[in-house]
Peer 1: 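I have a structure here, written as structure tokens, and I will follow up with some questions on it.
Computation of the quantities below employed the complete heavy-atom set of this structure, encompassing side-chain atoms and omitting hydrogens, waters and symmetry-equivalent molecules.
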Amino acid sequence: MNSAELDEPLPGIIGSSPPMRRVARITRLVAPTRASVLLIGETGTGKELIARAIHRLSRREDGPYVRVNCGALSESLLESELFGHIKGAFTGAVDNKTGRFEAAHGGTIFLDEINSISQKLQVKLLRVLQEREFERVGESRTIRVDTRVIAATNRRLEDEIAAGRFRDDLYYRLNVVPIVLPPLRERGDDVIALALHFVERYSEENRREPPRLTADALRALREYNWPGNVRELENYIERAIVLHSEDELTAEMILPPPEERACPPRRTGQDFRGLVQDFVRMSIDALADDEGSLYTRLVGSVERELIEQIMQRCDQVQIKAAARLGINRNTLHKKLSEFQQQGDAGELAG
């Protein structure tokens, strides 16, 4: 598979912005392997969609895909849900129960909100990842499974480890291949493509002609911060379709009044330093085979990505982009010419 094919949008995933092309690339590279995957991203960024895409593109496509929301169950219920139990194992266990790991044998299990599981269950999960075996609750017989694990978190697991709430050995087992899902506010015109997709879907569901999005609606959709990400956008579009029967949708019909629109908290300097540390650490690991060229590849990739994103936010106007970057326009023009000549050679490997 060549570089262009790796960057193509994933089946069922709307969006072709640079951040989503990177997600597509890593997803296509990791899908055919046995490696565990850790999906990292804010709530509503589409982590389960990526998990399903990995399963569909894997050699396990014909096997089961099983999803478990680890944050929705108590410790005892989650243990039984994951590993099963035998009749009489505890009050209310009136029958044998097959756990989700066993049900996902030959396929994929998606563990959402993995950060919420208890220390006790972390030990059992670590054993499944290492040995591919476990016992049902109340039973001594060992069950072996061939189940691929994809986990997801909306928190920094490094912080959970530092606070003593998450085992570092489990983290390293889960974090073989991390995929960071960008928030919607960093995906450029993907927000418009997604909005049009949801307009079509909910118009069809409600048996009406799809309304047109006005210019002010398009502008407002681009400018909004989307703290709830894609899930919030979908909710607003569905509500607008249900409540308004006009031929067009304005910003006022879709979004709440400006004074009521929630904004995500600004990152502190400490948060930003943590992001930089994570990025550098992950990049060093990813480029382990290029020890002699780490500086050139890493710094060059960061410079290129920064310039490309600023150019996008400035509508490709070099004067505006140079001013925002704080560099001379001629310097920016020279950099862009170099990027064009290099093609994709300057990008970090997926």
Peer 1: If I take atom CG from residue L306 and atom CZ from residue R324, how far apart are they, to the nearest 0.5 angstrom?
Peer 2: 9.5 Å
Peer 1: Indicate, with yes or no, if F339 and I327 share a hydrophobic cluster defined by side-chain heavy-atom contacts under 4.5 Å among Ile, Leu, Val, Met, Phe, Trp and Tyr.
Peer 2: yes
Peer 1: Just so I know, are the side chains of L194 and L184 near enough to count as touching, which here means a heavy-atom distance under 4.5 Å?
Peer 2: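 L194 reaches L184 side chain to side chain.
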Peer 1: How about L336 and Q318: do any of their side-chain heavy atoms sit closer than 4.5 Å?
Peer 2: yes
Peer 1: Less than 4.5 Å apart, side chain to side chain, heavy atoms only: is that true for R56 and P11?
Peer 2: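 SC-SC contact between R56 and P11 confirmed.
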Peer 1: Judged by atom type as modelled, is there a donor-acceptor pair below 3.5 Å linking the side chain of N175 to the main-chain atoms of Y171?
Peer 2: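 The answer is no, because no donor-acceptor pair under 3.5 Å joins these two groups.
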Peer 1: Does a sphere of radius 6.0 Å around CZ in R212 hold more than 12 heavy atoms from other residues, nucleotides or ligands, not counting ones at 6.0 Å or beyond?
Peer 2: yes
Peer 1: Atom CD in E232, atom CG in L255: separation rounded to 0.5 Å?
Peer 2: 8.0 Å
Peer 1: Could you tell me which non-hydrogen atom of A195 sits nearest to which non-hydrogen atom of L233, and how far apart they are?
Peer 2: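 It is N-CD2, 3.9 Å.
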Peer 1: Any chain of hydrophobic side-chain contacts (each under 4.5 Å) joining Y172 to I117?
Peer 2: yes
Peer 1: Counting only N and O atoms by type, is there a donor-acceptor contact under 3.5 Å from the side chain of N328 to the main-chain atoms of N330?
Peer 2: yes
Peer 1: May I ask you to test the L213-I254 pair for a side-chain heavy-atom distance under 4.5 Å?
Peer 2: yes
Peer 1: Which atom pair, heavy atoms only, marks the closest approach of V23 to P182?
Peer 2: CG2-CD, 3.9 Å
Peer 1: Residues in side chain to side chain donor-acceptor pair (under 3.5 Å) with R239, at least two apart?
Peer 2: N235
Peer 1: For residues 193-210, which residue pairs pass the salt bridge (Lys or Arg N to Asp or Glu O under 4.0 Å) check, not counting sequence neighbours?
Peer 2: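 Every salt bridge (Lys or Arg N to Asp or Glu O under 4.0 Å) pair that includes a residue of residues 193-210, provided the two are not neighbours, is R201-E234.
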Peer 1: Tell me every residue that passes side chain to side chain donor-acceptor pair (under 3.5 Å) with D190, counting only those two or more places apart in sequence or in another chain.
Peer 2: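 Partners of D190 under the side chain to side chain donor-acceptor pair (under 3.5 Å) test: S17, R187.
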Peer 1: By the ring pair (Phe, Tyr, Trp, His ring centres under 6.0 Å) test, which pairs, at least two apart or in different chains, include something from residues 127-153?
Peer 2: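 Found F83-F134.
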Peer 1: Roughly how far apart are L73 CG and C70 SG, rounded to 0.5 Å?
Peer 2: 8.0 Å
Peer 1: Does A35 offer a backbone N or O that forms a donor-acceptor pair with the side chain of R148 under 3.5 Å?
Peer 2: yes
Peer 1: Quick one: closest heavy-atom pair of P178 and I40, and the distance?
Peer 2: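 Smallest heavy-atom distance, with atoms named: CB-CD1, 4.1 Å.
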Peer 1: Does any non-hydrogen side-chain atom of D112 lie less than 4.5 Å from one of L39?
Peer 2: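 The answer is no; the side chains never approach within 4.5 Å.
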Peer 1: Can you find a pair of side-chain heavy atoms, one from I114 and one from L170, that are under 4.5 Å apart?
Peer 2: no
Peer 1: Can any side-chain N or O of R132 pair as donor or acceptor with the backbone N or O of R144 at less than 3.5 Å?
Peer 2: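 No; zero donor-acceptor contacts below 3.5 Å.
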Peer 1: Please check if the side chain of S80 supplies one atom and the backbone of L77 the other of a donor-acceptor pair under 3.5 Å.
Peer 2: no
Peer 1: Which pairs of donor and acceptor atoms, one on a side chain in residues 100-111, lie under 3.5 Å apart (sequence neighbours left out)?
Peer 2:
residue : atom : partner : partner atom : Å
R100    : NE   : E81     : OE2          : 2.8
R100    : NH1  : R67     : O            : 2.6
R100    : NH2  : E81     : OE2          : 2.7
E102    : OE1  : R136    : NE           : 3.3
E102    : OE1  : R136    : NH2          : 3.1
E102    : OE2  : R136    : NH2          : 3.2
H105    : ND1  : D146    : N            : 3.0
T108    : OG1  : H55     : ND1          : 2.8

Peer 1: Between V230 and I14, is any pair of side-chain heavy atoms under 4.5 Å apart?
Peer 2: no
Peer 1: What verdict does the side chain to side chain contact (heavy atoms under 4.5 Å, CB included) test give for L38 and L157, after you've listed the backbone C-alpha separation in whole Å, the side-chain angles of each residue and the deciding distance to 0.1 Å?
Peer 2: CA-CA 10 Å; L38 181 63; L157 290 185; 3.9 Å; yes
Peer 1: Just how far is it from atom CG of N115 to atom CD1 of I161, taken to the nearest 0.5 Å?
Peer 2: 11.5 Å
Peer 1: Answer yes or no: are there more than 12 heavy-atom neighbours, outside K320 itself, under 6.0 Å from its atom NZ?
Peer 2: yes
Peer 1: How many angstroms lie between NZ in K97 and CD1 in I86, if you round to the nearest 0.5 Å?
Peer 2: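 So the NZ of K97 and the CD1 of I86 are separated by 14.5 Å.
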Peer 1: With the side chain counted from C-beta on, respond yes when L125 and L82 share a heavy-atom pair under 4.5 Å apart, and no when they do not.
Peer 2: no
Peer 1: Do any N or O atoms from the side chain of Q122 and from the backbone of R167 form a donor-acceptor pair under 3.5 angstrom?
Peer 2: yes
Peer 1: Restricting to salt bridge (charged side-chain N to carboxylate O under 4.0 Å, His left out), what partner residues turn up for E186, sequence neighbours left out?
Peer 2: none
Peer 1: Tell me every residue that passes side chain to side chain donor-acceptor pair (under 3.5 Å) with R127, counting only those two or more places apart in sequence or in another chain.
Peer 2: E133, E135
Peer 1: Take R60 and R34 through the test side chain to side chain contact (heavy atoms under 4.5 Å, CB included) and record every step on the way to the result.
Peer 2: CA-CA 10 Å; R60 299 170 179 263; R34 295 173 60 94; 3.8 Å; yes
Peer 1: Should the ring pair Y224 and W226 be called parallel, tilted or perpendicular, given that the plane angle runs from 0 to 90° and is split at 30 and 60?
Peer 2: perpendicular
Peer 1: According to salt bridge (charged side-chain N to carboxylate O under 4.0 Å, His left out), who are the partners of E139, at least two apart in sequence or on a separate chain?
Peer 2: R141
Peer 1: Tell me which pairs pass salt bridge (Lys or Arg N to Asp or Glu O under 4.0 Å) where either residue lies in residues 215-230, with sequence neighbours left out.
Peer 2: D189-R222
Peer 1: Using side chain to side chain donor-acceptor pair (under 3.5 Å) as the criterion, list what pairs up with E160, not counting sequence neighbours.
Peer 2: R165
Peer 1: Taking all heavy atoms of I150 and all of A51, pick out the closest pair and write down the distance.
Peer 2: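 So the two residues come closest at CD1-O, 3.8 Å.
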Peer 1: Which heavy atom in E305 sits nearest to a heavy atom in P18, and how many Å separate them?
Peer 2: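 Result for this residue pair: OE2-CB, 4.3 Å.
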Peer 1: Can you sort out the partners of D159 under salt bridge (charged side-chain N to carboxylate O under 4.0 Å, His left out), two or more places apart, ordered by chain and number?
Peer 2: R156
Peer 1: Among residues two or more places apart or on two chains, list those pairs meeting ring pair (Phe, Tyr, Trp, His ring centres under 6.0 Å) that have a residue in residues 14-41.
Peer 2: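 Output for this query is empty, none listed.
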Peer 1: Between atom OG1 of T45 and atom CG of N229, what is the distance when rounded to the nearest 0.5 Å?
Peer 2: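 That separation rounds to 5.5 Å.
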Peer 1: Identify whether I192 and I241 are in the same connected component of the hydrophobic contact network (ILVMFWY, side-chain heavy atoms under 4.5 Å).
Peer 2: yes
Peer 1: Which atoms form the tightest heavy-atom contact between A53 and L10, and what is the distance?
Peer 2: CB-CD1, 4.3 Å
Peer 1: Please assess I13 against T27 for the test side chain to side chain contact (heavy atoms under 4.5 Å, CB included), listing each intermediate value before the final yes or no.
Peer 2: CA-CA 12 Å; I13 307 294; T27 298; over 6 Å; no
